[in-house]
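Computed over heavy atoms, backbone and side chain alike; hydrogens, waters and symmetry mates excluded. Ligands are counted one by one from 1 in listed order, and the atoms in each one are counted from 1 as well. Quantities reported herein were computed from a predicted structural model and do not represent experimental measurements.
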Amino acid sequence: MKRQLWNKVLSVAAVAAITAGMLTGCGGSASNSATSGGQAAASNESEKAPAGGTQVWRMAFNQTEDHPQYRVMEEFSKEFKERTDGRYEIQLFPNETLGAQRETLEQVQSGVIEMSIVNNTHPGSVSDYFKAFDMPFLFDDVDQAIRFVKESPVMEEVKADTEQYGFCIATYMPAGTRSMFTASKPIKSVDDMKGLKIRTMESDIYVNMMAAFGGSATPMAMGEMYTGIQSGVVDGAENNEITYVNSKYYEVAPYWSQTNHLIVPDWLIINKDVYYGMSDEDRAVFDELCSEAIDKVQVQWQADVDKLMASLDTSKVTITDDVDIQSFKDAIAATNQKLVDSNEKIKKVYDAVQAMK
Ligand code: GCU
């Protein structure tokens, strides 16, 4: 409870600070960026080449500073500043201090902030293409997802689709494989899901997924998840190992069951006007750092996963790593098929993934 309240206080304070910055220094859609040295980025021209100042972009992040995505973005920001001769700097706001992911997507769209890392579910709420990535068991492993995002020609079309909603997909941020964790019993096969209330991200696809598994979904933002489990509003949740350990969910849900049911991307997003407001040269640097970030996150991810899981006290946490995964696949097959058949854009991505396998 305390943690949630603290996040809310920080969040209100941070948004107030940003709004104050906008009122005193900036105006126009793409020119909401704060510019150091009291210089407002007043026109497109001044944004392309901020005269003598550093444009400070704000990037929202909903998890801790230990997270591989955060560490890579710290390095990204440093390098971006150096390679643009100090024209740009990215300031990172971890721990939901700028709000939950859904709010931060809206802030990026309207230009209140410049960047955020959001789960796929959020672009999926505006563009149907992305819904395909919410599908359980779509990819066999994260390397396959990385290959798809980097190499599939369909991705150009997918990414371009968000521009009409005011934001660009800057890059893919790998986010591991998701499994179930529960407060009072292990999950050995899909039969153990019967009657369980599980927190999911906010998408109908996950609501249908939990129903197909025999439980029910309670969608909520991540900031509410710890207390949601602790207070018994839900019986558990599902997420990747890094989030499970870094955000200490093992304290309230000590049964980790390796179901590997989802490989859902996170995306680094950027306000469209901000992205196209850069000079071609600066945008090329930005794009290069974006494409390098994919592998950098994945390398750090792999280095962290085993270490973090091994750090858990096995007298308190029960790890079940021989789950009957096929029982989950069988339970979801018809629901997946229905989703593919429901929409041309989802089908296009799904077919492209199958063709690449
Ligand atoms: C993962 C993912 C986040 C997402 C979170 C969630 O940790 O990386 O982007 O917000 O799951 O379940 O909400």
Criterion ring pair (Phe, Tyr, Trp, His ring centres under 6.0 Å) against Phe76, the qualifying member of Trp57, Phe286, Tyr70, Tyr88:
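Considering Trp57, Phe286, Tyr70, Tyr88, a ring pair (Phe, Tyr, Trp, His ring centres under 6.0 Å) with Phe76 is found only for Phe286.
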Would you kindly say whether Tyr275 and Asp287 are connected by a side-chain donor-acceptor distance under 3.5 Å?
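Note: Tyr275 and Asp287 side chains meet the donor-acceptor criterion.
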Decide ring-ring contact (aromatic ring centres under 6.0 Å, His included) for Phe328 and Phe213; before the verdict, give the C-alpha distance in whole Å, the side-chain angles of both, and the deciding distance to 0.1 Å.
CA-CA 7 Å; Phe328 282 84; Phe213 289 161; 4.9 Å; yes
Asp128/Lys348 salt bridge by N-O under 4.0 Å criterion
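Salt bridge: no.
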Run the salt-bridge test on Lys131 and Asp134 with the 4.0 Å N-O cut-off and return the result as yes or no.
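No, this pair does not count.
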Who's touching ligand 1 if we go heavy atoms under 4.0 Å?
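Residues near ligand 1: Asn62, Gln63, Gln101, Asn119, Ala175, Arg178, Arg199, Met201, Met222, Asn239, Asn240, Thr243, Asp266.
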With Ile117 as reference, evaluate Gln69, His67, Gln63 under the side-chain contact (heavy atoms from CB on, under 4.5 Å) test and give the passing residue.
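That would be Gln69.
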